[in-house]
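Note that ligands are numbered from 1 as they come in the structure, with each ligand's atoms numbered from 1 the same way. Every value quoted in this text rests on a predicted model; they were computed, and no experiment measured them.
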Amino acid sequence: MNSNIPVLAIDGPGGSGKGTVGQILAQRLGWHFLDSGALYRAVAVAAVRDKINLDDQAALARLATSMNIRFIPRTDGSAAAVLLNGQDIGDMLRTEESGRLASIVAPLPDVRRALLQKQHSFRQPPGLVADGRDMGSTVFPDAILKVFLTASPEIRAQRRHKQLIDKGFDVNLPRLLDEIRERDARDAGRAVSPLKPAQDACILDTSQLDISGVVEHVHGLLRERQRPG
Ligand code: C5P
């Protein structure tokens, strides 16, 4: 592993702000960005497309190993294009349904193992901001800083609701809240890499903070870690 390349690990449940905060910081630092959730979503979306059963662990692991996935950042700051074997599946990945399907394949140990090496390959100079559930606890245990963002399910549902409405989707807030609770329970309850802060993570509740407040706080923590001596 390229362990001399710094990693900032940002973990937390969906809607905690980790993706937005991670992307802003990656841009500010000039570091690479890994959206690890997109890898799990891509496995699920490709499995449905290829009619692979979501409990066929061996076939899903083969799919995860063989898929060629690339993120192409956009200059206007909007979400990156995601190329799966050359086809842009970015829009397909960002639906609530692909998040739900991702959380069904994510507990499978062979799928997680297959994606581990892919995630490590994102660690390139000058640094990496990695966003997910187990970036600090499992994938990059030597990260220079591990942050775990939280927020109440109600606040996260409201944020998701606004995001989806802004994108023109027709969504129902109470249903979104139920889905968030269901996904939290699945992610926190699984045996392998459950959603929980790494032992040495800084935990930050973002319920009462806006994005720029979280960005500044995390950047401040990173600067402290990078200070020589
Ligand atoms: O972060 P995002 O909502 O895109 O993640 C989708 C799902 O993928 C999560 O609910 C979780 O089940 C899974 N995931 C994971 N480990 C990660 C990132 C995502 O298990 N590092």
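Screening residues 31-76 for ring pair (Phe, Tyr, Trp, His ring centres under 6.0 Å), with sequence neighbours left out, gives F71-F122.
Taken together through direct or relayed side-chain contacts under 4.5 Å among Ile, Leu, Val, Met, Phe, Trp and Tyr, I24 and L209 form part of one hydrophobic cluster.
Summarising the hydrophobic clusters (Ile, Leu, Val, Met, Phe, Trp, Tyr; side-chain heavy atoms under 4.5 Å, direct or chained), the residues clustered with L176 are L164, I165, F169, V171.
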For residues 81-93, run the donor-acceptor check on the side chains, cut-off 3.5 Å, and write out each pair with its distance to 0.1 Å, sequence neighbours left out.
residue	atom	partner	partner atom	Å
N85	OD1	N68	N	2.9
D88	OD1	V82	N	3.4
D88	OD1	G90	N	2.9

List ligand 1's nitrogen or oxygen atoms that come under 3.5 Å of a protein nitrogen or oxygen, with the partner atom and distance.
residue	atom	partner	partner atom	Å
ligand 1	1 (O)	K18	NZ	3.2
ligand 1	1 (O)	R133	NH1	2.8
ligand 1	3 (O)	R41	NH2	2.8
ligand 1	3 (O)	R133	NH2	3.4
ligand 1	3 (O)	R183	NH1	3.1
ligand 1	4 (O)	R41	NE	2.6
ligand 1	4 (O)	R41	NH2	3.3
ligand 1	10 (O)	R133	NH2	3.3
ligand 1	10 (O)	R183	NH1	2.8
ligand 1	10 (O)	D187	OD2	2.7
ligand 1	12 (O)	D187	OD1	2.6
ligand 1	12 (O)	D187	OD2	3.4
ligand 1	16 (N)	R112	NH2	3.0
ligand 1	20 (O)	R112	NH1	2.8
ligand 1	20 (O)	R112	NH2	3.4
ligand 1	20 (O)	R190	NH1	2.9
ligand 1	20 (O)	R190	NH2	2.9
ligand 1	21 (N)	S36	OG	3.0
ligand 1	21 (N)	R133	N	3.1
ligand 1	21 (N)	D134	OD1	2.9

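When side chains are defined from C-beta on, L173 does not count as touching L177, because their heavy atoms never get closer than 4.5 Å.
Side-chain N/O atoms of R223 and Q226 include no donor and acceptor closer than 3.5 Å.
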